Engineer: 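Sharing a structure with you now.
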Amino acid sequence: NADDNAYPAGVTPCLEFVLGRGHITAANNELGFSAAHLRALCDVGASTKAVGGGAGGGGGGGGGGYIGQKGIGFKSVFRVSAAPQGLSSWT
């Protein structure tokens with residue numbers, strides 16, 4: 001999701017999907033991952049998203065919290081890929 005993306009001043013956010021043979025690449029023009037973002041991707045419940053922020057209302061139960069639930073959203077890619085890759089700031 002793009003709930004916590006950050007963009008340079010004056011930049012219009014954009015997203016591009018590229019379909020390749022046996023892979024999909026999703027690229028956008030955000031600032032990129034910080035070390036804290038990478039740790040959050042690798043651990044359950046370690047979201048860097050602000051409590052109460054985002055359109056999801058938090059935890060699937062309505063009310064404040066994180067968008068999503070239990071910090072497991074990205075981990076779901078392992079159901080469809082044995083070796084997902086995340087690249088950041090590759091301009």
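Being a predicted model, the structure only gives us computed values, none of them experimental.
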Engineer: Under a single-linkage definition using a 4.5 Å side-chain heavy-atom cutoff for Ile, Leu, Val, Met, Phe, Trp and Tyr, are Val77 and Leu15 assigned to the same hydrophobic cluster?
Structural biologist: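 In one cluster with Val77: Leu15, no.
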Engineer: Asn29 and Pro13: which non-hydrogen atoms are nearest, and at how many Å?
Structural biologist: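 That would be OD1-CA, 3.5 Å.
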Engineer: Please check this pair: side chain of Asn28 against backbone of Cys14, looking for a donor-acceptor N/O pair closer than 3.5 Å.
Structural biologist: no
Engineer: Using side-chain contact (heavy atoms from CB on, under 4.5 Å) as the criterion, list what pairs up with Leu19, not counting sequence neighbours.
Structural biologist: Ile24
Engineer: Apply side-chain contact (heavy atoms from CB on, under 4.5 Å) to Ser81 and list each qualifying residue two or more places apart in sequence or on a separate chain.
Structural biologist: Pro84
Engineer: Which residues pass the side-chain contact (heavy atoms from CB on, under 4.5 Å) test with Val80, not counting sequence neighbours?
Structural biologist: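 For Val80, no residue satisfies side-chain contact (heavy atoms from CB on, under 4.5 Å) once neighbours in sequence are set aside.
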